[in-house]
2 protein chains.
Amino acid sequence: MVNRAKASVDLGPVFAALAHPIRRAIVEQLAGGDATVGELAEPHKVSLPAISKHLRVLEDAGLLQVEPEGRVHRCQLDAAPLSAAFGWLTRYRVLWEDRFDRLARHLEETRKTETREETTHARKK
Amino acid sequence: MVNRAKASVDLGPVFAALAHPIRRAIVEQLAGGDATVGELAEPHKVSLPAISKHLRVLEDAGLLQVEPEGRVHRCQLDAAPLSAAFGWLTRYRVLWEDRFDRLARHLEETRKTETREETTHARKK
DNA sequence: CGCTCACTTAACCAAATCGTTAAATATTCA
DNA sequence: TGAATATTTAACGATTTGGTTAAGTGAGCG
């Protein structure tokens with residue numbers, strides 16, 4: 001039961017948030033650094049309120065933090081839920097892995113044993 | 001060679017399929033081996049038609065193959081879309097990794113270069 | 001044959017999703 | 001002060017989702 005990673009992450013909203021291509025694009029953009037709402041909206045053809053709703057979905061999933069800075073709202077990605085989703089998928093990784101992958105997986109398991117923190121990589125607040 | 005399984009995996013339906021806890025439970029169960037519809041329905045308190053719909057969602061996402069065997073329908077997990085979802089998340093893995101993880105990641109990248117399988121990993125681009 | 005078992009399909013409903021436009025809010029600047 | 005900018009909230013509508021019950025299909029069996 002070491003694997004009690006990030007107690008507060010509900011995978012449902014996380015996967016749901018990632019189900020929409022615009023929201024995935026927003027995550028991709030934020031992976032490159034913080035951005036304002038306007039900057040996040042710019043690549044897409046939908047209205048600003050639509051973007052605002054997408055941001056709310058990401059925020060509710062814990063993927064996003066928004067901090068007002070003057071009249072701009074700066075958005076920052078929180079990767080912890082991504083890590084949780086990754087962790088869930090990792091449980092079944094053996095299903096699609098070939099023998100070469102197993103080597104890397106073994107090394108990864110070793111790494112986990114070494115670091116031994118259950119709440120871990122999700123930066124605690 | 002090649003593109004058996006998932007010439008193109010659309011991640012939208014895959015993430016959407018994984019967004020529901022019953023469907024995640026079904027994936028988990030199928031990871032332990034094939035099962036009939038009835039066996040998949042048994043752990044859950046919803047009606048059989050509800051399970052049938054969940055299975056359809058998983059099937060449409062490419063996660064599931066159903067093969068009638070007599071009067072039972074045998075369900076088999078197809079992990080390729082899981083691999084694709086994993087691959088997408090992996091692109092941002094650096095965001096939550098610490099230095100120990102980077103080692104494993106480096107090894108994984110190396111592995112990818114060594115094995116020429118664009119068939120099993122949706123490495124777009 | 002006729003019944004039962006294993007499922008699916010149909011029809012329906014409530015709630016959520018995803019988009020819109022119009023209005024409200026808040027901050028900066030001339 | 002008042003206009004412009006950045007973003008949210010409100011209200012609406014079409015579509016999808018997730019559940020239900022009831023009816024349909026098809027294989028196995030006494």
Side-chain angles (χ1 to χ4, degrees), chain A residues 9-30 33-78 81 85, chain B residues 9-30 33-78 81 85:
Chain A
V9 177
D10 179 3
L11 285 179
V14 176
F15 282 128
L18 297 179
H20 198 289
I22 287 185
R23 289 191 297 257
R24 283 200 303 280
I26 288 173
V27 168
E28 294 184 31
Q29 186 172 347
L30 286 173
D34 296 359
T36 67
V37 173
E39 288 167 350
L40 292 171
E42 197 272 333
H44 309 287
K45 78 241 157 288
V46 298
S47 67
L48 208 43
I51 296 293
S52 202
K53 285 189 188 180
H54 284 305
L55 294 178
R56 171 66 65 92
V57 172
L58 290 166
E59 203 174 2
D60 290 345
L63 283 160
L64 189 64
Q65 293 167 230
V66 182
E67 172 203 356
E69 268 180 22
R71 61 179 165 182
V72 186
H73 293 202
R74 190 145 296 270
C75 302
Q76 182 181 355
L77 186 65
D78 184 349
Chain B
V9 174
D10 182 2
L11 286 178
V14 176
F15 281 128
L18 297 179
H20 197 288
I22 288 184
R23 290 192 296 258
R24 283 200 302 280
I26 288 173
V27 167
E28 294 184 31
Q29 186 171 347
L30 286 173
D34 296 0
T36 67
V37 173
E39 288 166 351
L40 291 170
E42 197 273 334
H44 309 288
K45 69 209 168 311
V46 298
S47 65
L48 206 44
I51 296 294
S52 201
K53 284 189 187 181
H54 284 306
L55 294 178
R56 170 67 65 94
V57 171
L58 290 166
E59 203 174 1
D60 289 347
L63 282 160
L64 187 64
Q65 294 168 228
V66 183
E67 171 202 358
E69 267 181 23
R71 61 179 166 182
V72 285
H73 294 201
R74 190 144 297 268
C75 303
Q76 184 182 355
L77 186 64
D78 184 351

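Throughout, a chain's letter reflects where its sequence line sits, starting with A, and its residues are numbered from 1.
Side chain of A:R56, nearest nucleotide from C:dC18, D:dT20, D:dT9: D:dT9. Nearest nucleotide to the B:V37 side chain, out of C:dC7, C:dG19, D:dG18: C:dC7. In this structure, the nucleotide among D:dT7, D:dG19, C:dG19 sitting nearest to the side chain of A:L48 is D:dT7. For B:A50, counting side-chain heavy atoms from C-beta on, the closest listed nucleotide (D:dT7, C:dT20, D:dG19) is D:dG19.
Atom CD of A:E42 sits about 8.0 Å away from atom CD of A:Q29, to the nearest 0.5 Å. Here the CD-CD distance, from B:Q76 to B:Q65, works out to 5.5 Å after rounding to the nearest 0.5 Å. Of the inter-residue distances, the one linking B:D78 atom CG with B:E59 atom CD reads 11.0 Å to the nearest 0.5 angstrom. Within the model, atoms NE2 of A:H54 and CD1 of A:I22 stand 4.0 Å from one another, a figure rounded to the nearest 0.5 Å. How far CZ of B:R23 is from CD1 of B:I51: 10.5 Å, rounded to the nearest 0.5 Å.
Going from atom NZ of A:K53 over to atom C1' of D:dC12 covers 9 Å, rounded to whole Å. Nucleotide D:dT17 holds its P atom 14 Å from the CG atom of B:L18, rounded to whole Å. A:L55 places its CG atom 16 Å from the P atom of D:dA6, with the value rounded to the nearest Å. C:dT20 atom C1' lies 13 Å from atom NZ of A:K45, rounded to whole Å. Protein atom CD of A:E67 is 14 Å distant from nucleotide atom P of C:dT27, rounded to whole Å. Nucleotide C:dT4 holds its P atom 12 Å from the CZ atom of B:R71, rounded to whole Å. When the P atom of C:dA26 is taken as reference, atom CD of A:E69 falls 18 Å away, rounded to whole Å. The distance between atom CD of B:E42 and atom P of C:dC7, rounded to the nearest whole Å, is 12 Å.
Ring pair B:F15/A:F15 is parallel by interplanar angle, where below 30° counts as parallel and above 60° as perpendicular.
Listed pair B:H54 / D:dT17 fails the phosphate criterion, with no side-chain N or O lying under 4.0 Å from OP1 or OP2. Residue A:H20 places at least one side-chain N or O closer than 4.0 Å to OP1 or OP2 of C:dG19. One finds a side-chain N or O of A:S52 lying less than 4.0 angstrom from the OP1 or OP2 phosphate oxygen of D:dT8. Taking 4.0 angstrom as the limit, A:S47 places none of its side-chain polar atoms (N or O) nearer than this to OP1 or OP2 of C:dG19.
Looking at A:T36, A:I26, A:D34, A:V37 one by one, the single match for side chain to side chain contact (heavy atoms under 4.5 Å, CB included) with A:C75 turns out to be A:V37. Put simply, the residue from A:D60, A:L63, A:V66, A:L64 that forms a side chain to side chain contact (heavy atoms under 4.5 Å, CB included) with A:L55 is A:L64.
No engagement by A:R74 is indicated, since no non-hydrogen atom pair under 4.0 Å with the nucleic acid exists. The residue A:P49 sits close to a base: some heavy atom pair falls under 4.0 Å.
Of the residues near DNA chain C, B:H73 and A:G70, the one whose nearest nucleotide (by heavy atom distance) lies more toward the 5' end is B:H73.
Relative to the axis of its first five pairs, the axis of the last five pairs of the helix from C:dC1-D:dG30 to C:dA30-D:dT1 sits at 0°, rounded to 10 degrees.
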